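Working notes, structure below.
Note that the coordinates shown come from a computational prediction; the quantities given were computed from them, not determined experimentally. Letters A, B, ... are given to chains in the order of the sequence lines, protein chains preceding strands, and every chain is numbered from 1.
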Amino acid sequence: MGPNGSGKSTLASVLAGREEYEITEGEVEFLGKDILDLAPEDRAREGLFLAFQYPVEIPGVSSNNFLRTALNQIRKYRGMDPLDAVSFLKLMKEKMALVEIDQKLINRSLNEGFSGGEKKRNEIFQMAMLEPKLAILDETDSGLDIDALRIVASGVNKLKTGENATIVVTHYQRLLDYIVPDFVHVLYNGRIVKSGDKSLALELEEKGYDWIKADADGVVS
Amino acid sequence: MSKDNQILEELTSSEYKYGFETLIENDSAPKGINEDIIRFISAKKKEPEWMLELRLKAFRHWVTLEEPTWPNVHYPKIDFQDIIYYSAPKPKKTLSSLDEVDPDLLETFKKLGISLEEQKRLSGVAVDAVIDSVSVKTTFKKTLAELGIIFCSFSEAVQEHPELVKKYLGAVVPMTDNYYAALNSAVFTDGSFCYIPKGVRCPMELSTYFRINASGTGQFERTLIVADEGSYVSYLEGCTAPQRDENQLHAAVVEIYAESRAEVKYSTVQNWYPGNKEGKGGIYNFVTKRGLCKGDYSKISWTQVETGSAITWKYPSCVLKGDHSIGEFYSVAVTNNYQQADTGSKMIHLGKNTNSTIISKGISAGKSQNSYRGLVKIHKRAENARNFSQCDSLLMGDKCGAHTFPYIEIDNSSAKVEHEATTSKIGEDQIFYCNQRGIDTENAVALIVNGYAKEVLNKLPMEFAVEAQKLLALTLEGSVG
């Protein structure tokens with residue numbers, strides 16, 4: 001969590017490997033590997049997933065085609081055989097049911113003409129398909145109505161296993177009514193300034209960020 | 001014989017010695033073009049007198065024409081006297097296995113997903129006896145013959161079906177139509193001829209793969225397709241495998257003639273050598289393609305995927321003469337490196353209730369220039385004509401260009417003409433999105449480009465479409481990132 005401009009989306013982008021960002025110092029270790037040396041696609045293949053705040057449209061490309069290409073490239077990287085069409089469709093059906101997404105949406109061009117909510121639900125569907133070890137959800141709750149929020153949250157909960165982790169980037173406690181966090185970290189000026197459990201989110205909801213800013217600024221000055 | 005006569009005799013015969021009669025012994029004509037060369041070509045092909053007359057007429061017109069300069073392409077002036085207009089087809093060197101083929105070429109084949117048999121055929125490897133291409137051809141020819149379909153080389157058609165050739169040759173693209181069509185008419189050496197009789201639906205895609213006399217169609221190719229009343233044919237030209245040719249100038253003519261209720265679907269994949277990365281070499285592809293919807297309710301569809309050639313100059317067109325006739329044009333034209341393309345379509349509405357569609361998808365990468373040029377003309381007698389045109393351009397990088405030159409001429413107020421155009425760039429965001437899902441940039445570009453061109457690719461026959469998809473990806477390899 002954290003106020004606007006605190007660096008939440010920047011962190012997500014840097015981890016995913018967006019080119020616009022230059023890393024001046026530090027390292028990022030993911031499952032024993034320094035991922036800063038890896039291309040964005042290799043980070044994804046290592047099991048890092050970013051649910052985008054603004055998923056892009058790719059006209060003429062179906063989710064089916066897109067995900068099959070993605071999944072098989074990931075499998076290849078991990079030394080696995082590509083999934084054949086039948087197994088792939090079976091997997092699609094299974095995951096569609098899991099995250100409650102409509103076949104009609106899957107048949108359309110990727111994100112093209114999707115509503116904000118549909119785009120976010122599609123991101124969760126992709127996450128279900130690719131089964132990442134670490135998923136970063138960048139403000140996935142923004143622009144969602146209450147039903148969509150519930151469905152997205154339920155998808156995230158269902159995908160949780162003992163083997164994976166999810167970082168949920170959000171401004172609001174509302175999402176955390178549905179996704180119960182193990183830890184809450186507050187980011188401010190590019191640093192984690194406070195950590196706690198679920199109760200920290202509730203406290204923020206009640207008191208806002210000012211007290212944390214004041215604390216942090218106090219520490220700095 | 002008087003002395004004068006003797007001298008006259010000597011003079012004329014010695015003159016004759018330098019004429020085409022002496023040439024006939026040779027395998028190829030000397031460089032250049034003149035009436036003797038044309039007589040030579042015609043004699044080599046053992047053509048009847050009327051065919052020679054047509055060629056000469058075309059040539060005499062051609063010399064009065066100026067080379068067109070209006071296309072948005074630039075190249076050094078062509079010296080038409082520096083071209084050899086006839087050389088006998090040379091038998092290709094037969095290789096004994098694929099191991100002897102250029103590994104780069106094999107890699108390309110592999111990427112295109114071309115079958116081993118096909119790879120052998122394309123690279124000139126002797127095909128083993130079990131799957132003998134001759135037997136395939138024989139079965140194929142038999143099926144067609146039973147239906148009364150004629151599909152043969154142009155030379156064969158001139159010999160075997162002179163009445164049909166006489167009737168239809170030049171009926172759609174007159175011998176005098178334009179600079180390159182006139183040149184082609186004068187010097188063409190071969191091509192394909194296809195006739196579908198009344199009410200016959202051709203049961204297979206007629207493809208150049210199966211062209212009965214495939215050798216030596218060369219640089220001035222002539223194709224004539226005639227679909228009689230109520231018939232249907234789907235015709236495929238070209239192939240996705242890269243084609244090299246020593247001849248730099250290619251000026252083909254394709255004519256399609258559709259009688260009432262006939263339908264012709266003509267699909268092209270063009271992948272001629274585009275020149276190297278610095279823009280050296282490559283084929284100049286100056287083609288005239290036109291279909292005439294002669295009868296009522298006839299339909300002609302052009303679908304093309306153009307990835308090759310240094311310069312492409314090509315406007316497959318439909319003349320909608322019959323009432324309720326339909327013309328369609330679906331095109332993907334890709335240019336990369338220093339390629340230049342000026343391509344599009346012409347839809348000429350003459351009949352009532354005629355309908356045309358133009359879907360053009362240009363993709364420019366590298367330092368290439370890609371132009372769409374199209375004409376929609378509604379004649380004054382063409383009541384209730386409809387046209388829909390969509391011209392999209394996709395840019396990759398910031399050194400290429402996309403241009404659109406739409407011309408619309410309407411002489412009938414009942415016409416409905418729509419033109420839509422978009423220009424877009426492959427976004428870094430789109431590529432990053434794909435990368436983040438584990439897709440590398442090369443595959444991401446392939447996905448995005450194929451998505452963009454989908455409307456056109458869907459119009460291609462199935463196997464062709466799969467190859468064409470791979471071809472697009474291959475053509476644009478390395479053009480981003």
Discussion item. I need the residue from B:Leu447, B:Asn450, B:Ile448 with the largest number of non-hydrogen atom pairs under 4.5 Å to chain A.
Written reply: B:Leu447
Discussion item. Between A:Leu110 and chain B, with a heavy-atom cut-off of 4.5 Å, which part of the residue counts as in contact: side chain, backbone, both or neither?
Written reply: side chain
Response to the item:
When the 4.5 angstrom heavy-atom criterion is applied to B:Tyr433 and chain A, the contacting part is both
Worksheet item: Should we count NZ of A:Lys158 as having more than 12 external heavy atoms under 6.0 Å?
Response: yes
Worksheet item: Contact part of A:Glu57 toward chain B, heavy-atom cut-off under 4.5 Å: side chain, backbone, both or neither?
Response: backbone
Discussion item. If I compare all heavy atoms of A:Ala153 with all of A:Ile179, which pair ends up nearest, and what's the gap?
Written reply: CB-CG1, 3.7 Å
Worksheet, complete the sentence: Interface check, chain B: of A:Asn72, A:Thr69, A:Ile74, most non-hydrogen pairs under 4.5 Å belong to A:Thr69
Worksheet item: Within a reach of under 6.0 Å around CD of A:Glu27, are more than 12 heavy atoms found that belong to other residues, nucleotides or ligands?
Response: no
Worksheet entry | Which portion of A:Phe66 sits near chain B, non-hydrogen atoms under 4.5 angstrom | both
Discussion item. If I measure from the heavy atoms of chain A, does B:Asp440 come under 4.5 Å with its side chain, its backbone, both, or neither?
Written reply: both
Worksheet entry | Flag if over 12 foreign heavy atoms under 6.0 Å of CD, A:Gln103 | yes
Item to complete: Starting at OG of B:Ser424, measure out to CD of B:Gln430 and round the result to the nearest 0.5 Å.
Response: 8.0 Å
Worksheet item: With a 4.5 angstrom heavy-atom cut-off, which part of A:Ile58 approaches chain B: side chain, backbone, both or neither?
Response: both
Worksheet item: In Å, rounded to the nearest 0.5 Å, how long is the span from CD1 of B:Ile363 to OG1 of B:Thr475?
Response: 9.0 Å
Item to complete: Can you label the angle between the B:His419 ring and the B:Tyr372 ring as parallel, tilted or perpendicular, going by 30° and 60°?
Response: tilted
Practice prompt. Examine whether an atom of A:Pro132 lies under 4.5 Å from a heavy atom of chain B, and if so say whether it belongs to the side chain, the backbone or both; otherwise answer neither.
Written response: neither
Worksheet item: Under a 4.5 Å heavy-atom cut-off, does chain B meet the side chain of A:Arg18, its backbone, both or neither?
Response: both
